[in-house]
Amino acid sequence: MTVTNEGQKSEGRKESSRQEGSELHKTLTVPRGVGVATGMIIGSGLLVLPGLAYAQVGSSAVYAWLAAAVVVLPLLIVFARLGARYPTAGGVQGFAQAAFGAPGSTAAAVILIGACAFGGAVMAISGGNYVAALLGNSGAGGWVALGYLVVIGLLQAAGSRLAGGIQSAVTIGLLLLLALVAFAPAMVDSGSLHGELAPPTQWLASLPAVGLVFFAYTGWELVSSTAEEYRNPRRDFPLVIGITFVIVVALYLGISLAVQLVVAPDDPLLSEAPVVAVLQQVLGDASGRVAAALGAAIIFATLMGGTWATSRIVFATARDGLLPATLAKVDARSGAPRPAVLLSVLMFGGVVLVHALGLISLTRVVELSTVNFVLGYAISVLSYAKLYTRPGQRLLALVAGLPVLAMLVGFGWVLLYPAGLLAFAFVVHRTKRRSPAARESAV
């Protein structure tokens, strides 16, 4: 009965979207989807985390990356199944709507937008600081970050076909550069190798670094917000999740192994820029230019993906009546939700400006984003447990949810931020229920 009712509600929303001109164009295929998803997952942390993990656990570091992949795999199965069955632009919000109705949808929407506002700013600030440092003007990072946002906002407003094509092209270049790093041990003289790989029997020594590298595997909640734009989401979305996971794991393992084999343990770049240290061994003087291209590609692809996902979450939230209806409008020619894209960029830019004024640190921006994204994972697992009731499916939800719960406990007082957002969501939901429009809809 629940599935039937939710199916009717979903069809009703789709029909309403067609009437109001607010349906997203179906432009994503498997290859393009893999390009978009890979860009969302691979973040700037990849430039630093391999070195930090190696410094923490030594020659067992590569096993930490493998263990983190195993931990995140049940969560990916949850996202793949939910995204195929409920392909909505809201992603996690759509899952919560199917499982818990309007209260769940409202809570998920507030949490996700609260996460994306800070998460997009983190990407923009990191990119701005990186490019400004390369240009020799580290003080201009804030202006460069705003420039990043303007360019990416314009590309997203041009439509998902163009944005997806550009992001796929950038991702291909990114993967080629990362592959160069991963194959570094095979390209340098054996006498230049400084480290070694611990035998598999010593994998337990890697466990202290698993939590550190786990965040390199985050971003799947954003990928789920693209499900509505697939031509055949039931078939293609799980396939994209699986292919992207294999690509990401292979790259992470290769780069981690390259760092611990090529970079000396006492190299000052190990904790600051381990990928640059690897490239120096392979390319010599040209390493700086390649490292700059690699960093720019990672930041561009991640920010493109983050803006895409945030705008779809805003769009879906407006389509469900929780934000002004203007934000659910889609340009008929490009298929882009331009008002939602504009609001997303403005949210990112607002946080960037607050940071540039010294009112909030980058560390705090990261924490406020991450805690909400992890809570979004928790909402997804709870939604899966509600919608899939067989014992094996409930066991999967338990296995996927335990690491999420462990991470949430570790945030401490930062949890006050999502708690405040959930309280706000409760007020919004109660207000919406009491509004004349809501009573008329109920009748």
Side-chain angles (χ1 to χ4, degrees), residues 24-25 27-28 32-33 35-44 89-93 109 112-128 130-131 142 144-171 174 218-229 296-318 323 327-331 334-353 355 365-366 369-370 372-373 376:
L24 296 170
H25 291 190
T27 61
L28 288 181
R32 186 168 292 176
V36 172
T38 303
M40 289 182 176
I41 302 302
I42 297 177
S44 56
V92 176
Q93 180 203 5
L112 289 174
I113 292 175
C116 291
F118 288 97
V122 170
M123 301 175 208
I125 293 168
S126 300
Y130 186 88
V131 173
V144 176
L146 294 176
Y148 251 115
L149 291 175
V150 171
V151 171
I152 287 175
L154 291 173
L155 290 175
Q156 290 291 346
S160 58
R161 187 180 300 276
L162 175 62
I166 291 176
Q167 186 163 358
S168 295
V170 171
T171 301
L174 169 61
T218 60
W220 304 99
E221 73 288 344
L222 298 181
V223 175
S224 67
S225 68
T226 67
E228 186 175 325
E229 295 172 80
I298 288 177
I299 293 162
F300 180 87
T302 305
L303 190 53
M304 275 283 285
T307 306
W308 183 319
T310 303
S311 65
R312 271 49 176 184
I313 293 169
V314 170
F315 164 83
T317 304
L323 286 174
L327 295 170
K329 298 297 182 182
V330 174
D331 180 72
S334 68
R338 289 179 174 174
V341 170
L342 176 61
L343 179 61
S344 301
V345 171
L346 288 176
M347 285 195 304
F348 301 161
V351 177
V352 170
L353 286 176
H355 169 71
V365 175
V366 172
S369 170
T370 304
N372 275 28
F373 279 131

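All residue numbers in this chain count up from 1 along the given sequence. Every value quoted in this text rests on a predicted model; they were computed, and no experiment measured them.
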field: Residue among Ile313, Thr226, Val341 satisfying side chain to side chain contact (heavy atoms under 4.5 Å, CB included) with Trp308
entry: Thr226
- prompt: Once you round to the nearest 0.5 Å, how far does CG of Leu222 lie from CG of Leu112?
  reply: 8.0 Å
query: Do Ile113 and Leu323 come within less than 4.5 Å of each other through their side chains, counting heavy atoms only?
result: yes
- prompt: Can you tell me how far the OG1 atom of Thr317 sits from the CD atom of Gln93, to the nearest 0.5 Å?
  reply: 4.0 Å
query: Sequence neighbours excluded, which residues qualify as side-chain contact (heavy atoms from CB on, under 4.5 Å) partners of Ala157?
result: Arg338
field: Summary of salt bridge (charged side-chain N to carboxylate O under 4.0 Å, His left out) pairs that have at least one residue in residues 304-313, sequence neighbours excluded
entry: Glu229-Arg312
- prompt: Taking all non-hydrogen atoms of both residues, which atom of Ala117 and which atom of Val351 are closest, and how far apart?
  reply: O-CG2, 3.7 Å
- prompt: Checking side-chain contact (heavy atoms from CB on, under 4.5 Å) for the pair Phe373/Thr218: CA distance, chi angles, key distance, verdict?
  reply: CA-CA 9 Å; Phe373 279 131; Thr218 60; over 6 Å; no
Nearest-0.5 Å distance that lies between atom CZ in Phe348 and atom SG in Cys116: 6.0 Å
query: Excluding sequence neighbours, so at least two apart, what forms side-chain hydrogen bond (donor to acceptor under 3.5 Å, both in side chains) with Thr27?
result: Ser160
field: Spacing of Leu342 atom CG and Leu327 atom CG [to the nearest 0.5 Å]
entry: 9.0 Å
query: Quick one: OG1 on Thr307 to CE on Met40, what's the gap to the nearest 0.5 Å?
result: 9.0 Å
- prompt: Listed by chain and number, what are the side-chain contact (heavy atoms from CB on, under 4.5 Å) partners of Thr370, not counting sequence neighbours?
  reply: Phe215, Val366, Val374, Phe411
Return all side-chain donor-acceptor pairs below 3.5 angstrom for residues 144-155, not counting sequence neighbours, or 'none' if the list is empty.
none

statement: Minimal heavy-atom distance between Ala89 and Ala316, with the atoms involved, is C-CB, 3.9 Å
query: Any idea which heavy atoms bring Ile41 and Gly219 closest together, and the distance?
result: CD1-C, 3.4 Å
- request: Identify, with sequence neighbours excluded, every residue that meets side-chain contact (heavy atoms from CB on, under 4.5 Å) alongside Met123.
  value: Thr302, Leu303
field: Any donor-acceptor pair under 3.5 Å from Thr38 side chain to Gly35 backbone
entry: no
task: Can you sort out the partners of Ala340 under side-chain contact (heavy atoms from CB on, under 4.5 Å), two or more places apart, ordered by chain and number?
output: Ser311, Val314, Phe315, Pro337
